[in-house]
There are 2 protein chains.
Amino acid sequence: MPNDKNTDTIRQNAGPARPIDPTDRRILAALTTRADLSYAELGQEVGLSAPAVHERVKRLKASGVIEATVARIDGAAIGKPLLAFIHVNTVGWGKTPELMALCDLPEVEEMHSVTGDACVLIKARLADSAALEGFLARLYDLPGVSSTQTYVALSSFTERVPQAGITESLSAPLPIRRR
Amino acid sequence: MPNDKNTDTIRQNAGPARPIDPTDRRILAALTTRADLSYAELGQEVGLSAPAVHERVKRLKASGVIEATVARIDGAAIGKPLLAFIHVNTVGWGKTPELMALCDLPEVEEMHSVTGDACVLIKARLADSAALEGFLARLYDLPGVSSTQTYVALSSFTERVPQAGITESLSAPLPIRRR
DNA sequence: ATTGAAATTTTGCATTG
DNA sequence: CAATGCAAAATTTCAAT
């Protein structure tokens, strides 16, 4: 899947003029696994010709459904074998500019504000325990940070980008269970 | 960045015969942001010719540093606006086949065993609170699952794939601070 | 949405520094 | 040993059915 810089229409992020149909979902499902397929191969997988899938992929990009195409690299191979989830608690409103600035660090892969007994959740990939210690020290230096709790990953069973399931949200109504 | 299915040498995951030099890191940094660059463009960014970067990218793929190229899609656009981190506690050894089977669900984006006051950490993307309730119910149905704790993301400040920082692990030795 | 064809791009190879 | 320039092959992408 190539450049598309010259062929795409100018508008980025326009509301999806057309809903995402099952064929789109199959395309997305394929692309979240292998985005380096040729349009011919992708077309084969979903039963469409190359120009047809190209047209759809272009639409999915223009409408913002496909945000980007990125390379997934091995954390250990680039010297960061340590994966940690860090819960941060703050006094008062936690969304300070200083905390937000952590997003610019290459170690920080994710940062969310969350409900529950923590204010902010950070996913960080680090070189070793010394780097983790340094990161935590930096965290505690920030104004308002009252406590942290760290969860270090021992093994990762799956780790991937958002998956476009073929099925639409089948939020099954919960059966009532008598105890 | 194209197919490479026919041109790559057969071996997958061989030990990196050569260390990752700064140029490799710059290539990786570019590719984790935009993997749909042409080799000509990528070469311009790192100051190399197209065949030269192609050679390096091929090596990085063959050695397993680049695991895959994937499309990042918008969770909300595919009907899953709800992001949740779920801590799972189990009685006894938590890594049961039943729990591992959850990796096959499209809702489950990540699953790690972790240190700390939880056994397993799951990152799931869901349609709505009903879907979350259903997911938790399913979790509690598994043998050995004793409790869960859920953190729902209110807003995400950053969310990306592992970043190849230009700098090598600069785990600065921590200064001793007197209180 | 498909077919066929043109324009870019990828990509192997020989050459050179 | 790695980068460069050229040429062949493949892919993207346009126009018309």
Side-chain angles (χ1 to χ4, degrees), chain A residues 1-12 14 16-63 65-72 166, chain B residues 1-12 14-71:
Chain A
M1 200 175 35
N3 211 327
D4 279 353
K5 229 191 325 296
N6 303 315
T7 61
D8 278 349
T9 44
I10 305 103
R11 61 154 190 193
Q12 301 272 16
R18 217 170 28 210
I20 296 170
D21 66 26
T23 303
D24 286 329
R25 289 199 171 260
R26 293 182 59 194
I27 291 174
L28 291 172
L31 254 34
T32 51
T33 308
R34 300 180 53 29
D36 56 355
L37 290 173
S38 73
Y39 287 118
E41 291 169 311
L42 186 56
Q44 279 223 327
E45 286 216 13
V46 302
L48 248 57
S49 68
V53 288
H54 177 231
E55 177 67 23
R56 281 173 179 264
V57 170
K58 220 163 59 175
R59 274 196 318 119
L60 290 168
K61 281 183 178 175
S63 65
V65 178
I66 297 178
E67 295 171 341
T69 302
V70 299
R72 231 188 40 202
I166 306 297
Chain B
M1 202 177 33
N3 211 327
D4 279 352
K5 228 191 327 294
N6 304 315
T7 61
D8 278 348
T9 42
I10 305 102
R11 61 153 190 192
Q12 301 272 15
R18 216 171 30 207
I20 296 170
D21 66 27
T23 303
D24 286 329
R25 289 198 172 262
R26 293 182 60 195
I27 292 173
L28 291 171
L31 256 32
T32 52
T33 308
R34 301 183 48 31
D36 56 354
L37 291 172
S38 74
Y39 286 117
E41 292 169 311
L42 185 56
Q44 280 223 328
E45 285 214 14
V46 301
L48 249 57
S49 67
V53 287
H54 175 234
E55 178 67 24
R56 282 173 179 263
V57 170
K58 219 164 61 176
R59 275 195 333 162
L60 291 168
K61 281 183 178 175
S63 65
V65 178
I66 296 178
E67 295 172 340
T69 302
V70 299

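Quick note on labels: first sequence line is chain A, next is B, and so on, each numbered from 1.
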*asked:* Restricting to non-hydrogen atoms, name the atom on B/Thr32 and the atom on B/Ala29 that form the minimum distance, rounded to 0.1 Å.
replied: OG1-O, 2.9 Å
*A/Ala68: what forms a side-chain contact (heavy atoms from CB on, under 4.5 Å) with it, not counting sequence neighbours?*
A/Val70, B/Arg72
_Whole angstrom value for the distance that separates P of D/dT4 from OH of B/Tyr39_ = 16 Å
*A/Arg18 bridged to A/Asp24 by N-O distance under 4.0 Å*: no
*Helix axis bend for the helix from C/dA1-D/dT17 to C/dG17-D/dC1 - C1'-based end axes, five pairs, 10° rounding*: 30°
*When you look at B/Arg56 and B/Leu48, which way does the side chain to side chain contact (heavy atoms under 4.5 Å, CB included) test go after all the steps?*
CA-CA 10 Å; B/Arg56 282 173 179 263; B/Leu48 249 57; 3.6 Å; yes
*asked:* Taking side-chain contact (heavy atoms from CB on, under 4.5 Å) as the definition, give me every residue that meets it alongside A/Glu45, ordered by chain and number, with sequence neighbours left out.
replied: A/Ala30, A/Leu37
*What residues form a salt bridge (charged side-chain N to carboxylate O under 4.0 Å, His left out) with A/Arg26, not counting sequence neighbours?*
none
*asked:* So, does B/Lys58 get its side chain near the phosphate of C/dG12, meaning an N or O under 4.0 Å from OP1 or OP2?
replied: yes
*Minimum heavy-atom distance A/Ala71-B/Ala35, with the two atoms named*: N-CB, 3.6 Å
*Whole angstrom is fine here: how far is it from CG in B/Leu37 over to C1' in C/dT8?*
16 Å
*Tell me whether the OP1 or OP2 atom of C/dT10 has a side-chain N or O from B/His54 closer than 4.0 Å.*
no
Under 3.5 Å, which protein N or O atoms sit close to an N or O of nucleotides 1-4 of chain C? Give each pair with its distance.
from: C/dA1; atom 1: OP1; to: A/Arg56; atom 2: NH2; distance (Å): 3.2
from: C/dT2; atom 1: OP2; to: A/Ser49; atom 2: N; distance (Å): 2.9
from: C/dT2; atom 1: OP2; to: A/Ser49; atom 2: OG; distance (Å): 2.8

*For A/Ser49, enumerate each residue passing the side-chain contact (heavy atoms from CB on, under 4.5 Å) test, keeping only those at least two apart in sequence or located in another chain.*
A/Pro51, A/Ala52
_Between D/dT11 (C1') and B/Asp36 (CG): distance, integer Å_ = 15 Å
